[in-house]
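Every chain is numbered from 1, with letters handed out A, B, ... down the list of sequences.
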Amino acid sequence: MAKTFDLNDDSVVVVVGSGAGGGTLSNELVQRGINVVCLEAGPRLGLTDIINDNGAMFNRLSWLDKRIGTGDLNATLPLWVCKTVGGTTVHWAGASLRFQEHEFRARTVYGNMPGANLLDWPITLQELEPFYARAEDKLGVTGTSEIPRLPGNNNFKVMAAGAKRVGYKQVHTGNMAINSQPRDGRPACHQIGFCMSGCAIGAKWSTLYTEIPEAESTGRFEIRPDSMVVKINHDNSGKVTGVMYADKAGALQEQKARVVCVAGNSVETPRLLLNSQSSKFPNGLANSSGQVGRNYMRHMTGTVYAIMPGRVNFDRGTQMAGIIKDESRHDPSRGFAGGYEMETLPGFGLAGVASNTVAGAWGLEYAKVIEMYDHFAGMWLVGEDLPQAGNGVALHPTEKDKHGMPVPVVHFKDHANDVAMRNHAYKAGTAVYESLGATRVFELPPFPSTHNMGTCRQSEKAQDGVCNKYGQTHDVANLFISDGSQFTTGGAENPTLTIVALAIRQADYLADQLSKNQM
Amino acid sequence: MKAHALSRRDFLCSTSFVAVGLATGGSMILAPDYAWALSTTAVDSHTAQTLLVMARQLFPHDRLGDQYYATVVEAVDKQATSDAALRKLLTDGVARLDGARGIAWVQLSNGARNAVLKTEEAGEFFSTVRTATINNLYTNPLVYRFFGFEGSSVEHGGYIDRGFDDIGWLPNA
């Protein structure tokens, strides 16, 4: 019973984006009796559109509108995120980890790190724990409650055997939002591989086929695909009144709203706020702090591939169901603050391995490396990077997209702490594979960023960030940040579970405020 | 392909392909045993043949016949048909390869071919051909199966019953 709402209906909450933040928040709000219009920039696909082809699905799912990367980022594709109903939950690998207690207090625990713009979260792990539990239940996270973990594939077995040899203790197939047994009307994982091209059978949680149809069935929800929001409108009192968006035909429409929640991922969210500047808000909406678009984080990442003594076929099975957690602790004796996770990662097909194993390589020796494809094992290293004021998102001064919106320029440079952590992680990953007699080991630099955080961060004080501990902007009471942009720091863990937990918490708060007529 | 437009026919002995130039500006390259043919419309026979040899030079696999490298040339040629800048990039690039040692690059020794390619490494011509080779050669199912990538699995029910955990060589401790 999908409903449609009138453009002039100003009783609706407008949610921008339909991924982990926006899709979850939408469903949580409509379950509480609130009418929601969700505007999604991308098209709506079905399960039959999801095929096992890395290249085809990259083109079908990815956000390929022009973005300019500077600093350490890929210049033409700084981010690898999605433009589709379900957002990046269509592409994500499913790793669902809670942040650790100390990660909410990074400024206090890590101290003053020169060059970093560190801040403690205005929320503690203890406050978020009940919402983590609800998020894990919603996503059906393996290894939580009574949900069994997934079986380990060959790539995991290699990592686990090496981990044991080097003395790691916390090794398992992870906490994954991928069904290890049928649940919520979705099947158990068939070990297909291609998780990051979209799960063709829906065993992996994605808002595309969970939150969004569930929200539609209430009769209080409308999702509008192919709707790119370009501006948030406000009245003289400074409250937001609706959004301008380009519809599928490219025509500008205005959807009125009583509340606007922005969940466009950490580039589009600040881009939209910055593009909503007005005489009242000359630096962009909700930007009295000057922090909108700043403190962009993408996680310390890197990849280790190894050629093993025997066949692995690392593309078979669940891509990221495998983790070593021992290095995720904060232990400054290693030469850096914060920690990192080691997670299984395969190769994205033969073309992916040929492109990525050694950038730019060619010739007979490299051809022989590629010929060892079925002996490859791989892991991804993902850890906390530090917020820096100079890393962020800005609007290009002249270049505009087809809707007349300035192209985003995304800048990121590693902090010395990020570099020290990555070097440590490369060594640790290499040791795991060499303990089993790996003949060659390759250290791959970061891919285009999949974990994007921090550009509209939560802060206790209005001067330090953009929103409060509920994601409500300090400056505009009826404007919310509902995605990873609100992260104060990035933690070592894949961000989605925390995005979902914060969205559930925000829905509770927003519903309560609306019931008290406080918006 | 307008086969009647043949105007010139030359045999390139160094690699034993049969390369046929077409008056339309395109070409046809035939395998020595006529088992396969590569036809182009945007680039001429010499450029096509040089690109074919270059694709193999970049990623030489004894296990692969030339017909797989020919698909790389076909793909860039198809693109160049509607992209004049790409056509110029390819044609000029091949001319530079040929100019480096004063004789056609395809007729150089293996080591000399590599040495000339090395001087092109940082340029757009090289990276275009290299990327096209990766994206066309290694995404061909007939090629990637040779290397142990098994392609789409969902139609086979994934690997849950087909060896996702069949590794046999790991130590027990």
Original post:
More than 12 non-hydrogen atoms from neighbouring residues, nucleotides or ligands closer than 6.0 Å to CG on Asn59(A), yes or no?
Top reply: yes

Original post:
Does atom CD of Glu124(B) have more than 12 heavy-atom neighbours, drawn from other residues, nucleotides or ligands, at distances under 6.0 Å?
Top reply: no

**OP:** Against chain B, label Asp53(A) side chain, backbone, both or neither, depending on which of its atoms sit under 4.5 Å from a heavy atom there.
**Re:** neither

Original post:
For Ile370(A), is it the side chain, the backbone, both, or neither that has a heavy atom closer than 4.5 Å to a heavy atom of chain B?
Top reply: both

Original post:
Between Gly360(A), Ala200(A), Gly193(A), Gly55(A), which has the largest tally of heavy atom pairs under 4.5 Å with chain B?
Top reply: Gly360(A)

Subject >> Contact winner vs chain B - Asn313(A), Leu350(A), Ile51(A), Asp374(A), heavy-atom pairs under 4.5 Å >> reply: Leu350(A)

Atom of [X], atom of [Y] and distance for their closest heavy-atom approach:
X: Gly317(A); Y: Phe164(B); answer: CA-CB, 4.4 Å
X: Ser355(A); Y: Arg130(B); answer: O-NH2, 4.4 Å
X: Phe59(B); Y: Trp362(A); answer: CE2-CA, 4.3 Å
X: Pro60(B); Y: Ala367(A); answer: O-CB, 3.2 Å
X: Ala161(A); Y: Leu170(B); answer: CB-CD2, 4.1 Å
X: Trp169(B); Y: Arg311(A); answer: NE1-O, 2.9 Å

**OP:** Side-chain contact test, heavy atoms from C-beta onward, threshold under 4.5 Å: evaluate it for Pro151(A) versus Asp165(B) and give yes or no.
**Re:** no

**OP:** State, yes or no, whether a side-chain contact exists between Arg316(A) and Asp166(B) at a heavy-atom distance under 4.5 Å.
**Re:** yes

Counting heavy-atom pairs closer than 4.5 Å to chain A, which one of [options] comes out on top?
options: Arg162(B), Arg56(B), Arg63(B), Gln57(B); answer: Arg63(B)
options: Leu137(B), Ile134(B), Asp62(B), Asn135(B); answer: Ile134(B)
options: Asn136(B), Asn114(B), Thr139(B); answer: Asn114(B)

**OP:** Anything in residues 146-161 of chain B with a heavy-atom distance to chain A below 4.5 Å? Please list those residues in order.
**Re:** Phe147(B), Gly148(B), Phe149(B), Glu150(B), Gly151(B), Ser152(B), Ser153(B), Val154(B), Gly157(B), Gly158(B), Tyr159(B), Ile160(B)

Subject >> Residues from residues 152-159 of chain A approaching chain B under 4.5 Å (heavy atoms) >> reply: Gly152(A), Asn153(A), Asn154(A), Lys157(A), Val158(A)

Original post:
Roughly how far, to the nearest 0.5 Å, is NE2 of His61(B) from CG of Leu364(A)?
Top reply: 9.5 Å

